[in-house]
Structures are given as C-alpha cells and as structure tokens.
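This report refers to the structure that appears directly beneath it.
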Amino acid sequence: VAGPIASGLSTASRTALLGLLLIGLVGFGLVADEYLLDIGVLVGIYTILGLGLSIVIGQAGLLDLGYIAFYAIGAYWTALLSTHFGVSFWILLPTSAAIAALFGVVLGYPTLRLRGDYLAIVTLGFGEIIRITLNNWRGLTNGPMGIMAIPHPAVRVPGLGALEFGLKVQLYYFFVLVLAVLTVFVVWRLVHSRIGLAWKAIREDELAAGAMGVDVRRAKLLAFGLGAAFAGLAGSFFAGRAGFVSPESFTFAESVLVVCIVVIGGAGSLAGVILGAIVFIALPELLREAARYRMLVFGLAMVTLALVRPQGLLGRVWVGEEHDEPQTDEAGVVSGLPSQV
Amino acid sequence: MSAVYLQQFINGLTIGSVYALIALGYTMVYGVLEMINFAHGDVYMVGSFLGLFVLGLMGPLAGSIGGGVAVALSAAILGAMAGCALLGVGIERLAYRPVRGTSRLGPLIAALGVSLFLQNAAMLIVGTRPKAFPALVEKQLYHVGGAVFTNLQVLILGASLGLMLVLDQFVRRTRWGRAMRAVAQDAEVAGFMGVEVNTVVMLTFLIGSVLAAGAGIMVGLYYGIVDFFMGYIAGLKAFTAAVLGGIGNLRGAMLGGLLLGLAESFGAGFIGAQWRDVIAFAVLITVLVFRPGGLLGEQLPEKV
C-alpha cells in the first residue's frame, strides 16, 4: 500500500507500518460501536471500488465514467440468483466478479480505439443504459421498487452449526476488511507485474507502447475486465449486506464519487485511493448536518484540486512537464495523472 | 398511420433543434480547446432558471408597461443570455484556463467539478422539486394531415434555426469567426499570427452559453417545467448530437441535433417512451464505435 508517503522507508519498516495499520483496523472492528462500524463497512466498499477503478484510470489512464454499472451488475446478479434460485452467497460472490469482468470486456472491446474524452462519454452512456434498463425492465428487476429480502450470507460448518451474518455489522466489517485487504494485495501485485508495466506504458504513450511490442488491445481489455471484477465483487457484498438493491444506488453521481476517490487520492497511488475513500465516505457521514452540501463541496474540491494539485493528494508532481528522471519511486509506484496524449 | 409519423417528425424536429442549440456550445469549445465542457448542460439549466427569475420580477411590471408578454419574454431571454454569458466566461476564466494544456484528465476533472457544483448550488437555491414555467405564449393549434403542431413549436424551430444561421455566418464571414477557426485549427500557430487566443476562447464560451440560455428558455416554455437536474440529461443528449455530427463541426452539430431529436421521437414512438434516453446513448455508442469522426467530421487518424 506504499504511496509516496512510505516511499522513503525501507521494506522492513514499511512492512511494520502495514502490520500496525492492519492491527489498528482489526482493533477498530473490536471496539467501535455499530454506527462507526457501519461507516467502516461503507469505506471498505468504496475502497474496493476505488482500487478497481484505479486500475482503469490510474494505471491504464482510461477515464471510465460508468464504473458504477459494474457494481450494479454484481449487486443484481447476486440479488436475482439468490432470491429466485436460492443460490448460495459464496457462489455468487466470485461469479459476480466474473460476470462484471465479462461486461467490462464486452464494453471495453468496441471502445478500444477511442481517445480519452470519447471513452469517458461512452462509458457514461453505458452506465446510464444499465441504470435505465434496471429501472424499466420490471419483469426481471422489479423496476424502481428494487429487489427485497436478499438472503444475508451465512457460513455453515457441518457438525459445528452456522454463523449467520444477518444484521451483525461487526461481521460485515471484518468481512469487507478481508475483501479490501485481498483487493489491495491483488491490485498491488498487478501493478508490479508485467501487465502493470504495460498499463503504465499505454498511459504514458499508447503509440510508443504499441511500437515497443506491448499488446495494447489485450492490456486495455485486461484493465477493463479486472477493474470491473472488483466492482462486481463489491456489488455482490453490498447486496448481501443490505438485503435490498434498487437502481437508485447506481446513479451517475455514484460513478463520479468513485472517480473523485481515485483522482483526489492521486490516480495511480493505492494509498491515495484508500485515503480518498476515507475522506469522501467517512467525513460526510460523520458530518451529517453538512450532508446537503456534500456534492457541492465535492464539486468545489474537484475544481480546486485540478487547479492546485492535479496529481491528487498523494500523487507526485510531474503533470504536463517534460521530465528526464523516471517517475518511479523506490517501490516502483508510478503515480500522478496521465500526461497529454 | 402516416399522421403518426408526421406527428413524431414534428415533435422530433422541435426537441432536436433545442439539442442542436446546446450541441453548438459543446462542439465550439471542443473545436477550440479539445475538451468536453461537462458543465455546459448545467449552464443551460441555469439559463432556464434565470429566465424564470426574470419573469418572476417582470410579473407585476408586465401589466403596467404594456406590451405584456412580448416584453416579459424578451426581458427573460436577454436576462438569461446575459447571465449565462457571464457564467460561461467566468467558468472558463476561473476553472478551465489555469488547467489548460496541463493534461487530458485535468480539464475534464475540473469540468466535472464545475458541473457538480452548479447542479448542487441550484438544488440548494431552488430546491429539489420541479418548478412550473409560465405558459407565456398563448397556444394555437395547427392541423396538418392529421398531425397537430403548436405555434410554440414553430417559434422554437424558427428561433433555433435563426440563431444557427447567424452563428454559421458569423463564424464563416467575420474577423472573429476567422480567428475562431484559426484557433481551432492550431491554437499555437494562431497565437504566433497575432490572434488573441484567450479572447477567442472567451468568445467561444460566451457564444455557447448564450445559445444554451436560449435553449433553456425554449425548453421551459415547451415543457412548462424546469428542475435543477435538467442540464445533466440534456447536456448528454446535446453532446451526443455534437458527436453524431462530428465534434468540432458546427453544421455537424446542427444536423446531429435534429437527427437525434428525430431518432428519439421515432424510437420512443415504437419502443416506448421510457426507453427514450437509452436510444440516445445507443446512438452515441454506435456512432463512436463505427464512425468516431461523426457524420460530417473528418476521419483523421490520431495525431502522433
């Protein structure tokens, strides 16, 4: 999870820092009251969403404004199959990710040739199409009323009884913590793999990357598919946790919120994404009276950030400048916004 | 049956001409700056509310000064256009100019932020409930071949086409129009040649916002209702229209707007009105995938 914050630290002290953080998060789960835990669960969901989208935006440099559609697909897949066919949540969780990934590739395929801002609009249109379809296709989705009474997850061990998640917030907190840690680990590994390097190359200069032998189509499709998979995972968890899904949860504003989390934290910086989730989800929840002004402040924050720190809170300063030094810190984390094409 | 087609044709043309007006703002800004001005739809929304506000002020006055409706409407249009012009130029100066040329994502994020800000500021000021827009124009119905259209539809179509014609001639024949075309072609070189690039960009935002304000008033009169969220979906539609025609191309935006209005009107007639928005987005995605340059745009490979 190292961003520039930890870039000055040695591997050992970084591991120690991560361990402390994890202990802190577990400790929080043991002592915090339900209200705080509930916020913790939300932050967890949005951390997963943010990390998934950071693959698409931060790594591959593709601005996806319809990302929440994959979250919706995961949530509805879980809701429909569990209510109609009684499929176990533990089968639906991974398959939600798979279905969302499939949709990600299906959306990604025709848009491969599109440039940044066209891609943004197409993904936005895709997100709207999914939401409107969920709203209108009453036979399948029950329209704006949504799907109710989705079974909560439960672990049944033969001979030992069952652990019902039900409405126990603490269990969901630890569950989402596990999912989030898993997501961090997988994304971290991806970013530092060959495919991660390919994404960075594409982000910096697509033509040059192609000329150097990067399979641009494959890398972009992988970014779309993998990014979507995490949204599907988060959506499935959301459906199991809330027990209820409706199209209202999957509006364009939600997509913008996740984009905010990724961009403001510093596109390309994993720690930045987590910080973004905390800033954008926990703070407004804690300042309830200010909830009316939340989106207004988001808007202002986005403009201000674009003006003052275009690389995000934890990104590195290099946007738009010619630079000879590589933009890689010790850990190999490349951060900041994609430069001009 | 053909009366139904005619009716859909008329309705589609009316709403399409409004899309075209908003689309011009997108296409002009894209032509000059190569950026999607996400806040443009919200400028149009502000135009509607400014018009409503001016009408509210005029209400008590209109009776006493005579001229009544015509005076009130002119004042609303002028007020909305002036306000939006100021807003558009202000947005460009404060939010877009500082990030111009930094990166591709920077201006886009700033534009999204401005859009979010305007929408929520409007919501806090006017509330979430839709507001009624007074039906100023006394309705007259015309019957042609089984279809019905109103004087308001004629007015909207006429006014939009008039504005488009003026803009078209302005860009083609005047010095400032030539400067705009020069900046659109190559801002840097245009600057070397003595074109005031910043002034041209300002002018572009000013014209786009004035047209959006006009569209805002027309839609208010047409639907009789305005709300803080109207700019989002209309903005997307208008952007679709601009892309359909070939972004950066003025005549393309006009054509795209009319075609999109027709596609929506016919599509809604055949498939169902609740799928109206899906039709627009499906058109957008199809066009971008198969003909990214749009109908009238140049089919250029990406610049290296």
Side-chain angles (χ1 to χ4, degrees), chain A residues 57 61 63 65 107 109-122 124-129 131-133 135-136 205-208 252-253 256 259-260 263-264 267 292-308 310-311 319-321 336-341, chain B residues 30 34-36 38-39 42 91 94-124 232-233 236 239-240 242-243 247 271-272 274-290 292 302-304:
Chain A
I57 294 185
L63 185 56
L65 291 181
L107 170 69
Y109 193 76
T111 56
L112 282 172
R113 285 159 46 216
L114 298 179
R115 279 192 322 173
D117 21 21
Y118 276 7
L119 182 76
I121 288 289
V122 166
L124 201 166
F126 170 75
E128 283 296 299
I129 288 178
R131 187 183 61 80
I132 297 170
T133 305
N135 234 332
N136 288 345
D205 191 332
E206 189 175 326
L207 276 170
F252 176 60
V256 172
V259 171
C260 282
V263 170
I264 286 190
R292 272 160 58 81
Y293 301 96
R294 174 162 132 169
M295 293 311 274
L296 188 80
V297 174
F298 280 7
L300 268 185
M302 280 169 79
V303 178
T304 315
L305 222 83
L307 301 187
V308 183
Q311 70 279 22
V319 171
E321 292 158 3
L337 297 171
S339 61
Q340 201 161 10
V341 180
Chain B
Y30 197 92
E34 291 213 352
M35 88 175 255
I36 299 174
F38 265 103
D42 300 291
I91 292 171
L94 293 177
Y96 298 164
R97 194 180 298 178
V99 289
R100 198 192 297 164
T102 50
S103 69
R104 262 205 178 276
L105 271 189
L108 212 55
I109 297 295
L112 268 177
V114 173
S115 165
L116 217 55
F117 177 80
L118 287 180
Q119 234 173 63
N120 285 278
M123 187 191 78
L124 289 170
Y232 165 62
I233 206 80
L236 277 178
F239 181 79
T240 302
V243 170
I247 196 147
I271 311 171
Q274 75 271 28
W275 297 100
R276 183 184 292 272
D277 296 344
V278 170
I279 295 164
F281 296 128
V283 167
L284 171 72
I285 294 179
T286 317
V287 170
L288 278 181
V289 169
F290 291 105
E302 193 170 336
K303 280 184 209 162
V304 181

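Below, all heavy atoms of this structure are taken into account, side chains as well, without hydrogens, waters or symmetry copies. The shown structure was predicted, so the numbers you read here are calculated from the model rather than taken from an experiment.
- Rounding to the nearest 0.5 Å gives a distance of 6.5 Å between CG of B:L116 and CE of A:M302.
- B:D277 meets the side-chain hydrogen bond (donor to acceptor under 3.5 Å, both in side chains) test with B:K237; sequence neighbours excluded.
- The distance from atom CZ of B:F281 to atom CZ of A:R131, rounded to the nearest 0.5 Å, is 8.5 Å.
- For B:L94 against A:L307, the heavy-atom pair with the smallest separation is O-CD1, 3.6 Å.
- Looking at B:L118, neither its backbone nor its side chain comes within 4.5 Å of chain A, counting heavy atoms on both sides.
- How far CZ of A:F252 is from CG of B:L112: 5.5 Å, rounded to the nearest 0.5 Å.
- Note that the CD1 atom of B:I279 and the CD1 atom of A:I132 stand 10.0 Å from one another [nearest 0.5 Å].
- Using a 4.5 Å heavy-atom threshold, the side chains of A:L65 and B:F38 count as touching.
- Of the two parts of B:L236, only the side chain, counted from C-beta on, holds a non-hydrogen atom closer than 4.5 Å to a non-hydrogen atom of chain A.
- Neither the backbone nor the side chain of B:Y96 comes within contact range of chain A, judged by heavy atoms closer than 4.5 Å.
- To the nearest 0.5 Å, atom CD1 of residue B:I109 and atom CD1 of residue A:I57 are 6.5 Å apart.
- Among A:V256, A:T133, A:N135, A:T111, the residue with the largest count of heavy-atom pairs under 4.5 Å with chain B is A:T133.
- Scanning both residues, B:Q274 and A:N136, for their nearest heavy atoms gives O-ND2, 2.8 Å.
- For a residue to count as touching a neighbouring chain, one of its non-hydrogen atoms must lie under 4.5 Å from one of that chain's; by this rule A:V122 touches chain B with backbone and side chain alike.
- In this structure, the portion of A:V259 lying under 4.5 Å from any heavy atom of chain B is its side chain and not its backbone.
- Minimum interatomic distance between A:V303 and B:A95 (heavy atoms only, all atoms of both residues): CG1-CB, 3.8 Å.
- At a 4.5 Å heavy-atom cutoff, A:T304 makes no contact with chain B through either its backbone or its side chain.
- From B:L124, atom CG reaches atom CG of A:L296 across 6.0 Å, with rounding to the nearest 0.5 Å.
- Every residue meeting the side chain to side chain contact (heavy atoms under 4.5 Å, CB included) condition with B:R276, not counting sequence neighbours, appears here in chain and number order: B:E264, B:A268.
- Side-chain contact between B:F239 and A:L124 is absent, with no heavy atoms from C-beta onward closer than 4.5 Å.
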